[in-house]
Amino acid sequence: MKALYVCLFVIIVLGCREHRVSVFNNNKKKEKENKIRGKNKLQHKYINVEEVKDWSLEQIKHKYKPIEEEDFLLNDIVLINEFRIGLYNIFKGKDREKPVPIKEVTWEKDEENNYTIWYRGDSGQWVAIDWYVWAKSLAF
């Protein structure tokens, strides 16, 4: 009979331990999910164009989530569409002989418009070189 009580005691203790581990793991999982949700709450849906004028790409992306991001090389070989044609006003002649790393990042400005900034890769950093506000209804 004593052996039966010892077995029951061991089963109950082990069951409680497994339950505590399970509860602990679930709590850790929920904390992690809440941190992720909290981070996402920091990012606003619409970008404030005036606010970010002098911000770095990292600062902007920390507060505002881009809807699109693309890297490409600008040079004479690359065909530029009408959306990117303004880059040829910045890079002329000899500037286009070597491939120039470009990062194009787009955010929602409001319900009807998007905001795109083009950055040039320069010594390991992205430097803003041009921007464009455009209607979401446009197709390029």
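The shown structure was predicted, so the numbers you read here are calculated from the model rather than taken from an experiment.
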Subject >> Close aromatic pair by centroid cut-off 6.0 Å: W118 and F72 >> reply: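 No, too far apart.
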Is there a side-chain contact between [X] and [Y], using heavy atoms and a 4.5 Å cut-off?
| X | Y | result |
| --- | --- | --- |
| F83 | E104 | yes |
| K109 | V133 | yes |
| P101 | W126 | yes |
| I117 | W107 | yes |

Considering all heavy atoms, the nearest [X]-[Y] contact:
| X | Y | result |
| --- | --- | --- |
| I90 | D95 | O-OD2, 4.0 Å |
| T116 | T106 | OG1-OG1, 2.7 Å |
| D110 | K136 | O-NZ, 3.0 Å |
| I102 | R120 | CD1-CA, 4.4 Å |

Under a single-linkage definition using a 4.5 Å side-chain heavy-atom cutoff for Ile, Leu, Val, Met, Phe, Trp and Tyr, are [X] and [Y] assigned to the same hydrophobic cluster?
| X | Y | answer |
| --- | --- | --- |
| V127 | L74 | no |
| I47 | L57 | yes |
| Y46 | V49 | no |
| W134 | I129 | yes |

Original post:
Taking atom CD of E111 and atom NZ of K45, what is their separation to the nearest 0.5 Å?
Top reply: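 The CD atom of E111 sits 8.5 Å away from the NZ atom of K45.
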**OP:** Return the orientation label for the W131 and Y115 ring planes: parallel under 30°, perpendicular over 60°, tilted otherwise.
**Re:**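 Ring orientation of W131 relative to Y115: tilted.
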Original post:
Hey, are K63 and E58 close enough for a salt bridge, meaning a charged N less than 4.0 Å from a carboxylate O?
Top reply: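 Not counted as a salt bridge, because no side-chain N and carboxylate O are separated by less than 4.0 Å.
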Original post:
When you check the gap from the basic side-chain N to the acidic O, do K103 and E69 get nearer than 4.0 Å?
Top reply: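 Looking at K103 and E69, the cut-off is met.
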**OP:** For the pair Q59 (side chain) and S56 (backbone), establish whether a donor and an acceptor sit closer than 3.5 Å, ignoring hydrogens and angles.
**Re:**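 Present.
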Original post:
Between the side chains of E51 and Y64, is a donor N or O closer than 3.5 angstrom to an acceptor N or O?
Top reply: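 Present: a donor and an acceptor within the cut-off.
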